[in-house]
*Asks:* 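Dropping the structure in here first, questions after.
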Amino acid sequence: MLRPDRNRTVYYRSSDPVRNFKLRVVVRRVTAALLVGNGLDNQDAASLAPQQRDERLIGWQEKIFSEAEIERYQDASQCYTLQDEAYHAQVTALLDNRPAAGLLYTYADVDDYHAHAADDTLAHGAPVSTPLQQRMTQARHRRGNRAQALRKQRSEQHSAPVTADSDGSNHVLDTPFQVMYVMASLADEKGQQRRDYVLACIKYDVNGVLHMAPDFTRDRLPYRLETPWGHLYEFELHHASHTQAASDAQREDLLLRELALKQANLVKQRVGNVFAPAPKGKHAMRLHVAGSLDCVCDVRSEPVYVTVTADLPVGWRWSGGQGFGVLSSQLITPTSRGEAFLGLPLDMTAVWSPSETDAESTSPCPPQTSFRVVVEVNSLSSWGSRRLEGYALLHVPTTAGRHVLNVQTWRPSTGHVTDELRRFFVGGAVELDDPSSLGVPAGHLGSVLNKFGWKSVSGPSVTATFNVARHWSTGAAPAPTDVKQVLGVLKQAPPAASAVMADYTRVVERMQELTQHTTRLQEQTTA
């Protein structure tokens, strides 16, 4: 059987609270009897000296003091923080009935300690701090970086050796966690030299993941460590958490149900159960568009701003009777690649009503294009002059879902060099009197629109995102509930359905006539 690796970290996930976690740790010195007999029975293990074997049941964040910590915290003059005072009270109560010295002790998440540069050894005892060091520590506490400094110190002192595999996985976000260490204080035969070793490092993060380094022993061989003076020790880590009782499981299930019910009620209060009614009118449609004007590409180094308006075609009207117009509130400086990221939100709601001819039909054709969004891109030079960069016309689709549009802008031009120089140095340019001329003007009548003869210059491109949701009003009559009403509806069947049933009846009758005629012919032939 292979001996497990001490540098391996295993991850566990549990829905049970971490306060119920229990760990049984057994550490013993390997003697000649252990090497020959491959272990000790209970009587032989109990016969070992207290300094050669120790076993403890440790809970989550349970503090077990070492001999050096007892000597430190029993002196009230060495206590400078609230945590030190709490440890002083615990040590004072412990001295009244002091147990025998053992090999195991722990460091909790709130402990502050110092370590050597070795991988898994700690300095014997805690150094006595001077008043200057204590004042510096209190200053760090007031700055509020104590917890971050402690976690950084622990990660540097007790982390696994950096390898090629772990080097790429360490560049992740720092997830808040709690940590505790199970330590062993091992001494030589005379007790003059002592080293402290990290037996286990246990972390629990906010995602409910338990980091166990090394893993539980289970049915494998125990872990081993060797001291500088040649002593060999073995230690085992066993999961000793109690199984959850039926009453506790029922109580926790009830608590989770109450929490889920409370969350559902909260969502119901925020969302509500009354929704907006369908738009008035037969076969009317309400179109809600929530999107954004994302960016303007291929622009020069001057800051840009945009003006957004909307043009409604025939048959459309704004919901609530209000128009739509947006002006970007700040100048956007483009990047080195010529991209100006706007992130300008757009929220529009319009209602479409079919014409009188379409409303009389049973299924009017919905519009293929809704209102049009007109984007005007302008730039501001370093001299404070405004320049028109171009116009863009975005046709908002009527299909529900997410739509990303990328449209090239253009601006009118006279083609004269003088106008271009005036635009560059002084500002201003030839502009459209009516922005609706980008598409079909609102007052245009007829099927032909002539734009021949316009001179234009291409400009930057505009990218926009639209999230479209539509609400239809079918205008159908309510479903009948009485038998007489059902018969009346059947009598008022559409003409197309009645014609199909009549054709089907004639086909069936013709088939029956052909069958009878074939039967008579067979009888005459037989006779």
Side-chain angles (χ1 to χ4, degrees), residues 289 291-313 324-346 348 368-397 402-444 448-466:
V289 180
S292 63
L293 196 62
D294 298 332
C295 65
V296 180
C297 301
D298 302 329
V299 294
R300 294 191 298 269
S301 58
E302 289 85 358
V304 298
Y305 67 94
V306 297
T307 302
V308 183
T309 57
D311 180 28
L312 292 180
F324 176 80
V326 177
L327 175 65
S328 59
S329 59
Q330 60 181 354
L331 296 174
I332 308 298
T333 303
T335 61
S336 59
R337 300 174 57 181
E339 299 176 347
F341 296 96
L342 303 174
L344 185 64
L346 304 176
M348 301 166 284
Q368 298 297 326
T369 305
S370 64
F371 46 88
R372 297 162 294 188
V373 177
V374 179
V375 181
E376 180 182 344
V377 183
N378 299 275
S379 63
L380 189 65
S381 65
S382 58
W383 302 309
S385 58
R386 184 186 71 88
R387 300 171 185 162
L388 175 66
E389 298 294 337
Y391 296 98
L393 184 64
L394 304 176
H395 294 272
V396 181
R402 182 175 181 268
H403 307 274
V404 180
L405 304 180
N406 191 344
V407 179
Q408 189 77 23
T409 62
W410 63 274
R411 60 181 177 87
S413 175
T414 58
H416 298 290
V417 180
T418 305
D419 295 337
E420 294 297 327
L421 291 175
R422 184 183 297 107
R423 172 182 175 274
F424 181 80
F425 290 102
V426 182
V430 180
E431 301 181 3
L432 297 177
D433 295 335
D434 186 8
S436 63
S437 301
L438 295 172
V440 180
H444 176 72
V448 178
L449 178 62
N450 185 12
K451 293 184 179 181
F452 182 75
W454 280 25
K455 294 182 179 181
S456 62
V457 178
S458 62
S461 60
V462 177
T463 303
T465 302
F466 296 110

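Note that the structure is predicted; figures quoted are calculated from it, not measured.
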*Asks:* If I compare all heavy atoms of H395 with all of L405, which pair ends up nearest, and what's the gap?
*Replies:*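 The pair with the smallest heavy-atom distance is O-CD1, 3.6 Å.
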*Asks:* For V306, which of V377, V462, N378 qualifies under side chain to side chain contact (heavy atoms under 4.5 Å, CB included)?
*Replies:*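 Single pass found, and it is V377.
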*Asks:* To the nearest 0.5 Å, what is the distance between OG on S458 and CD on E389?
*Replies:*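 One finds 11.0 Å between OG of S458 and CD of E389.
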*Asks:* Return yes if some donor-acceptor pair links the side-chain N/O of E302 with the main-chain N/O of S382 below 3.5 Å, else return no.
*Replies:*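 Answer holds: no.
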*Asks:* Write down the atom of P460, the atom of C297, and the distance for their closest heavy-atom approach.
*Replies:*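 Taking every non-hydrogen atom into account, CB-O, 2.8 Å.
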*Asks:* Calculate, to the nearest 0.5 Å, the distance between atoms OG and CG belonging to S292 and L344 respectively.
*Replies:*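 It comes to 8.0 Å.
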*Asks:* About how many Å separate OG of S381 and CZ of R386, when rounded to the nearest 0.5 Å?
*Replies:*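 Going from CZ on R386 over to OG on S381, the span is 11.0 Å.
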*Asks:* Going through the checks in order, is the side chain to side chain contact (heavy atoms under 4.5 Å, CB included) test met by C295 and L342?
*Replies:* CA-CA 5 Å; C295 65; L342 303 174; 5.7 Å; no
*Asks:* Quick one: CG on L380 to CZ on R387, what's the gap to the nearest 0.5 Å?
*Replies:*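 Atom-to-atom, L380:CG and R387:CZ are 9.0 Å apart.
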*Asks:* Once rounded to the nearest 0.5 Å, what's the spacing between atom CG of L388 and atom OG of S413?
*Replies:*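 Taking CG in L388 and OG in S413, the distance rounds to 11.0 Å.
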*Asks:* In sequence, state the C-alpha distance, the side-chain angles, and the governing distance for V308 and V373, and then conclude on side chain to side chain contact (heavy atoms under 4.5 Å, CB included).
*Replies:* CA-CA 7 Å; V308 183; V373 177; 3.5 Å; yes
*Asks:* Side chains of T463 and D294: donor-acceptor distance under 3.5 Å anywhere?
*Replies:*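 No, because no side-chain N or O of T463 sits under 3.5 Å from a partner of the opposite role on D294.
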*Asks:* State, with a plain yes or no, whether a side-chain heavy atom of P412 is found less than 4.5 Å away from one of Y391.
*Replies:*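 Counting from C-beta outward, P412 and Y391 do come under 4.5 Å.
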*Asks:* Walk me through whether V404 and F466 qualify under side chain to side chain contact (heavy atoms under 4.5 Å, CB included).
*Replies:* CA-CA 6 Å; V404 180; F466 296 110; over 6 Å; no
*Asks:* At what distance, to the nearest 0.5 angstrom, does CZ of F341 lie from CG of L293?
*Replies:*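 CG of L293 is found 12.5 Å from CZ of F341.
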*Asks:* Heavy atoms, side chains only, cut-off 4.5 Å: are R402 and T465 in contact?
*Replies:*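 In contact.
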*Asks:* Please evaluate residues E376 and R411 with respect to the criterion side chain to side chain contact (heavy atoms under 4.5 Å, CB included), reporting the C-alpha separation (whole Å), side-chain torsions for both, the decisive distance (0.1 Å), and the verdict.
*Replies:* CA-CA 10 Å; E376 180 182 344; R411 60 181 177 87; over 6 Å; no
